[in-house]
Every structure is written in structure tokens, then in C-alpha cells.
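Only one structure is covered here, and it is reproduced in the block below.
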Protein chains: 2
Amino acid sequence: MERLTKNRERVKEILCNSDHPLTAYDISKECPEMSLTTIYRALDYLVRNGHVKSFTFNEYTYFLPSERHEDFFLCTSCGRFFQLEHCFASSYEQNLREKGMVPKDHLILITGFCSECNEKLHLQTQM
Amino acid sequence: MERLTKNRERVKEILCNSDHPLTAYDISKECPEMSLTTIYRALDYLVRNGHVKSFTFNEYTYFLPSERHEDFFLCTSCGRFFQLEHCFASSYEQNLREKGMVPKDHLILITGFCSECNEKLHLQTQM
DNA sequence: CTAACTGCAAACGGTTTGCACCTGT
DNA sequence: ACAGGTGCAAACCGTTTGCAGTTAG
């Protein structure tokens with residue numbers, strides 16, 4: 001029978017304490033004493049048991065607590081995630097249910113420049 | 001100077017004729033005479049020159065004509081994409097611009113079961 | 001003629017797996 | 001004692017790159 005070990009609890013804790021999705025590599029930087037293999041297996045366990053969920057974007061798989069919703073703005077310049085305040089997905093989902101589909105989850109990712117990076121880039125082009 | 005060769009035109013044509021995003025591998029099945037390397041390089045050329053755009057989901061990079069919008073329902077049972085009729089991204093984007101962010105692109109992906117797969121799964125559980 | 005295109009094989013990088021060892025019950 | 005957890009090294013697989021040969025303007 002599978003167990004929620006110290007390592008696995010620690011991985012979950014790191015994800016819960018972070019306000020944005022993390023990659024396995026991000027987690028390994030927080031606890032270098034744990035091998036990457038163990039982190040991947042911990043994440044696999046946590047996903048299988050419903051503690052966390054994941055999505056893949058630009059080569060990387062990101063993990064986040066499953067109760068968190070997955071609507072983000074990603075700044076392609078500094079790589080930071082910003083959570084979107086309102087979730088409009090329910091309107092989509094209503095639409096789909098009317099057609100017989102059964103939506104389970106969603107990923108909304110808007111990319112662009114955050115205000116800080118946008119300012120920096122503006123200053124550069126003015127020089 | 002880079003050229004829009006026969007191969008590259010063919011790749012673009014395949015993407016334009018498809019009603020859903022395709023992976024490099026999907027394309028290679030349509031034209032097995034072209035090497036995977038050439039397909040990847042063609043896709044790279046087409047993205048750089050604004051003919052097509054891409055997004056990554058679950059290990060695979062999907063390509064689609066750049067004028068197409070990227071709002072899909074993905075059936076996790078049969079793997080088919082269904083285009084969503086209405087694009088609600090503008091509601092998010094308005095919100096972001098008010099905070100000084102500059103949205104450029106978006107990916108909206110709702111996952112679940114399509115009506116056919118849902119029916120099949122229903123029948124199975126009834127037996 | 002020459003710059004760009006192509007295919008092969010090898011490299012790359014994030015993720016997974018086989019195996020031997022360790023740990024908790 | 002034994003099922004399950006862990007770390008290392010190797011495998012895996014989608015994608016990229018180096019290189020030598022080919023093609024098109």
C-alpha cells in the first residue's frame with residue numbers, strides 16, 4: 001500500500017506554499033537533498049491521488065495543488081505567472097454541456113508582457 | 001534568402017486543410033516521403049514567418065494556421081480536438097490591459113469527454 | 001556559383017524505468 | 001520479513017543540430 005512519505009509531503013507543501021505552478025526542477029532547487037527521480041515519483045503519486053494536478057507548456061510540466069484553478073497570465077519575458085482574477089470558463093463549459101460534452105478541467109493561459117517587462121522594453125526602444 | 005519551398009508549402013497546406021492542430025508526427029504520416037527533420041525545419045520556418053503558430057500540450061507541440069484561434073475542447077478519451085465556437089479571451093485581455101499588462105496570445109483548452117466517448121463509457125458502466 | 005534545402009545520424013533535455021539497496025511497519 | 005520508497009545510471013522520446021550531399025536561382 002502506497003504511503004504519503006516525508007518526501008511526498010514535502011513536495012506537496014512546496015506546491016501549496018507557492019502562488020504559481022512549479023516544475024520538477026523548481027522543486028528540486030528547493031530541496032536539493034531529494035533526487036529528481038524521487039521528486040518525479042512523488043509528483044506522480046500526488047497526481048494519482050488527487051493532491052495535485054499538472055499541465056504542460058513549452059517543454060515543461062507544471063504542477064499545482066488540485067484545488068487551485070488553472071487560469072494564468074504568463075509573461076514571456078521574465079517567465080513569471082500571474083493568476084487571472086476571474087474565471088470565465090464556466091460560460092464555455094455551459095456551452096459544451098448543451099452539446100453533450102462533459103468538461104472536466106480547463107487550462108487558460110494568456111501570454112504577453114507583464115507591466116514591468118513592458119516598461120523596460122519601452123525604455124530600451126526609446127534609447 | 002529563405003524560400004517557401006515545395007516541402008514547406010506542403011506542410012502549410014496540410015495544416016490549413018486540417019480542422020484541428022497537428023503534431024510534426026501527424027504531418028509526417030500525411031507525407032512519409034518527407035523526413036521528420038525537414039518537417040520540423042519547415043514548421044520552424046512557417047512559425048518564424050508568421051504562417052503558422054504552435055502550442056505545447058502533454059508532451060507534444062501542436063501547429064495550426066496563425067489566423068485560426070486557439071480555443072479547444074480536447075476529449076481525453078479519443079484525443080480529438082473540437083474548436084470552441086466563442087472566444088472569451090477578450091474578456092480576460094481587457095482586464096489585463098487595465099493593469100498595464102500586454103497580452104499577445106492565448107491558449108484555452110478545456111478537457112473532458114466528447115459526447116460519443118461519454119456515451120460509450122456510460123454503456124460500459126451499465127454492463 | 002553559391003546560398004539555401006535536405007536527410008542521416010548523433011546529440012539534447014526533460015522525464016521514465018530497471019535495479020540494487022534502504023526503510024518503516 | 002517484506003512491501004514500498006529511494007538513488008543512480010541508463011533508457012526513452014520528441015525535438016534539435018552537425019555535417020555532407022543536393023538543389024534552385
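Basis for what follows: all heavy atoms, side chains included, without hydrogens, waters or symmetry-related copies. Within every chain, numbering begins at 1; the chains are lettered A, B, ... in the order of the sequence lines, protein sequences first and strands thereafter.
In this structure, the separation between CG on A:Leu43 and CG on A:Leu15 is 6.5 Å, given to the nearest 0.5 Å.
For the pair A:Ile14 and A:Leu22, the minimum side-chain heavy-atom distance is below 4.5 Å. Under the 4.5 Å side-chain criterion, counting only non-hydrogen atoms from C-beta, A:Thr5 is not in contact with A:Glu9. Between B:Leu74 and B:Phe82, every side-chain heavy-atom pair lies at or beyond the 4.5 Å cut-off. A heavy-atom distance below 4.5 Å is not found between the side chains of B:Val52 and B:Leu64.
When rounded to the nearest whole Å, the span between NZ of B:Lys6 and P of C:dT6 equals 11 Å. Computed from coordinates, the B:Tyr45 OH to D:dT16 P distance equals 18 Å when rounded to whole Å. As rounded to whole Å, 19 Å separates atom P of C:dG14 from atom CG of A:Asp44. Computed from coordinates, the A:Glu2 CD to C:dG24 C1' distance equals 15 Å when rounded to whole Å. Here C:dC5 presents its C1' atom at 18 Å from CZ of B:Arg10, a figure rounded to the nearest Å. What separates CZ of B:Arg48 from C1' of C:dC5 is a distance of 12 Å, to the nearest Å.
Within the 4.0 angstrom heavy-atom criterion, only backbone atoms of the sugar-phosphate kind lie near A:Arg8; the bases stay farther away. Counting any heavy atom pair closer than 4.0 Å across all strands shown, B:Asn7 reaches sugar-phosphate atoms only and no base atom.
Checked for salt-bridge contact, A:Arg80 and A:Glu116 meet the test: a charged N lies under 4.0 Å from a carboxylate O. In summary, A:Arg48 and A:Glu2 engage in a salt bridge, as defined by a charged side-chain N under 4.0 Å from a carboxylate O.
Closest approach to the B:Thr61 side chain among C:dC5, D:dT15, C:dT15 is made by D:dT15 (side chain taken as heavy atoms from C-beta onward). In this structure, the nucleotide among D:dC19, C:dC5, C:dT17 sitting nearest to the side chain of B:Thr5 is C:dC5.
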At a cut-off of 3.5 Å, list every protein nitrogen or oxygen paired with a nitrogen or oxygen from nucleotides 20-25 of chain D, distance to 0.1 Å.
none

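Contacts between residues 25-40 of chain A and DNA chain C, counted as heavy-atom distances below 4.0 Å, involve A:Thr37, A:Tyr40.
Under the 30°/60° scheme for interplanar angles, the aromatic rings of A:Phe81 and A:Phe55 are found to stand perpendicular.
Aromatic rings of A:Phe73 and B:Tyr92 (six-membered ring for Trp) have centroids beyond the 6.0 Å cut-off, not under it.
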